[in-house]
Amino acid sequence: MSSPTVARSQDEAEAKMEAVLNLSKRRGFVFGSAEIYGGFRSTYDYGPIGVLLLRNVKDAWWRSMVQLRHDVVGLDAAILSSPEVWKASGHLANFTDPLVDCRNCKERFRLDKLDDPDVCPNCGARGTFTEARQFNLMFKTHAGPVESASTEAYLRPETAQGMFTNFANVLNTSRKKPPFGIAQIGKSFRNEITPGNFVFRTREFEQMEMEFFVPPADADEWYRYWCEMRFRWYTELGIPESELRLRAHDSDELSHYSLATSDVEFAFPWGWDELEGIANRGDYDLTAHARASGEKLDYFDQATGERYRPYVIEPAAGATRTMMAFLLSAFHTEEVRGETRTVLRLHPRLAPYKVAVLPLSKKPELSGVANEVLGLVQPKWMCDYDETQAIGRRYRRQDELGTPLCVTVDFDTLEDRAVTVRDRDTMAQDRVPIEGLVALLDERLGL
Ligand code: GAP
């Protein structure tokens, strides 16, 4: 599928994806997991730079969704959970994808993702698919040494249920009342039939979800509010509006729990695809867990004497998938003095390193003052320190890591106690005294 608003040819889009994959491997963002054994089924490891970028995406979400609000609190629930939870939530019965096998080439596909449900995209054969079978995406395991029905457990396929099962605990301990939210970031697991497109769809991934409990009469208004807030989160962190859209689900697309859902979609190289879903889940989950557990999962408003079961508005984003979108969107190449410069124009809040300290040479005279500078900057921001290679090549490396500011220490620094600050985006260089350096970097980063 190609997008009307993002004018890129298919070739260009594929070349960009290739270049980002290459950069990601070369600079230590993401590695294939267990690569020394030939890899393991679309699982990935986040390298020294990727772990910083992913952490910054999660921190930016937490800051916006928890820290800067008085009406949302956090939670970190268990990954392993009882089948009771998934029976009540509907996942055991409904969390399935339709699976078909091609009788000709033996490949497996998700029926609902095929362009033509009669043609195998692998071998091109027509009419060779088996009848669709519903395949449950949850990973089952056993908690304890004995493998029996009574020890069955599941790895959570979403973080959301931890928020519903803890609704009463949070209500009773946090002094919050609707409208209020519970937010969580953490790993989820789905036995996807067709993982792919790098970290876009994997079997192990991270989610950033928030369940916002509201009086039922206010649910529509809060749904629209969260659609707008969540769209804005991506643009404020640097993704241009032309690469984003908010798409409301048709009624036949809605999940089993949803009254309304809109997706924030990003213009991926293969077309528009989902970053996040914002759903009005009604009282589906609290009702389901109240019925199954026998607990009263509703809210008693002492002021009005009214008892009601809140509706839930849920913005549910993927951290790993979102990280990939930020990488793709920030990736630029340009001609600089006859050479191609690759630069990640990441928002400073997301940049893995905010500052790189670069002594002009490895000579011991410089390392003393360079370490002094590092000692000033490091307590405030994540910094890189690099003293090998020509300075131009080191700037290019930092451009590829998305480092907004480089601080170069040279031999004049020994005399004038000043350093050069170089800007990633403009490549402008300014000489500034060490004394005012931290204040200047603070202002330039604008965090
Ligand atoms: N609690 C609702 C829920 O989980 P979802 O649309 O299934 O909704 C939310 O998942 C987000 O999690 C998606 O928008 C996507 O960003 C991310 N996500 C889901 N499955 C994923 C997968 N297999 N790999 C990477 N990210 C995934």
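Atoms within a ligand are numbered from 1 in the order they appear, just like the ligands themselves.
The part of Y257 lying near ligand 1 is the side chain, judged by heavy-atom distances below 4.0 Å. Using a 4.0 Å cut-off between heavy atoms, R156 makes no contact with ligand 1 at all. Of the heavy atoms in T159, none comes closer than 4.0 Å to ligand 1. Using a 4.0 Å cut-off between heavy atoms, E276 contacts ligand 1 through its backbone alone, with no side-chain atom that close.
Between the side chain of R396 and the backbone N or O of R341, no donor-acceptor pair lies under 3.5 Å. Judged purely by atom type and a 3.5 angstrom limit, R394 uses its side chain to pair as donor or acceptor with the backbone of D386.
Take Y234 and apply the ring pair (Phe, Tyr, Trp, His ring centres under 6.0 Å) test, not counting sequence neighbours, and it matches no residue. With sequence neighbours left out, the salt bridge (Lys or Arg N to Asp or Glu O under 4.0 Å) criterion links K177 to no other residue.
Inclusion of R203 in the set of residues having an N or O under 3.5 Å from an N or O of ligand 1 is not warranted. Between E314 and ligand 1, an N or O atom pair is found at a separation short of 3.5 Å.
Counting only heavy atoms of the protein, atom 25 (C) of ligand 1 lies nearest to F200 O, 3.1 Å. Protein heavy atom at the shortest distance from atom 26 (N) of ligand 1 is F205 CD1, 3.5 Å. Counting only heavy atoms of the protein, atom 6 (O) of ligand 1 lies nearest to E274 OE2, 3.0 Å. Here the protein heavy atom with the shortest distance to atom 7 (O) of ligand 1 is R190 NH1, 2.8 Å. Summary of contacts: the protein heavy atom closest to atom 17 (C) of ligand 1 is G318 CA, 3.6 Å. Counting only heavy atoms of the protein, atom 24 (N) of ligand 1 lies nearest to T202 N, 3.0 Å. Counting only heavy atoms of the protein, atom 16 (O) of ligand 1 lies nearest to L275 O, 2.8 Å.
Checking E84, Q161, E295 one by one against H289, the side-chain hydrogen bond (donor to acceptor under 3.5 Å, both in side chains) holds for a single residue, Q161. With T128 as reference, N104 is the one residue of V100, D101, N104, D118 to meet the side-chain contact (heavy atoms from CB on, under 4.5 Å) rule.
Side-chain contact annotation: T287 with R309, donor-acceptor N/O pair under 3.5 Å present.
Centroid-to-centroid, the aromatic rings of Y311 and Y223 stay 6.0 Å apart or farther. Remark: aromatic rings of F200 and F198 are distant, center separation not under 6.0 Å.
For the pair Y46/T320, a side-chain contact is recorded, criterion being any heavy-atom separation below 4.5 Å from C-beta on.
Per-residue contacts place A160 under 4.0 angstrom from the following atoms of ligand 1 (heavy atoms of the residue considered): 1 (N). Applying the 4.0 Å criterion to heavy atoms of R281 picks out, from ligand 1, the atoms 1 (N), 2 (C).
With E192, E209, Q161, Q207 as candidates, the residue nearest to atom 10 (O) of ligand 1 on a non-hydrogen basis is Q207.
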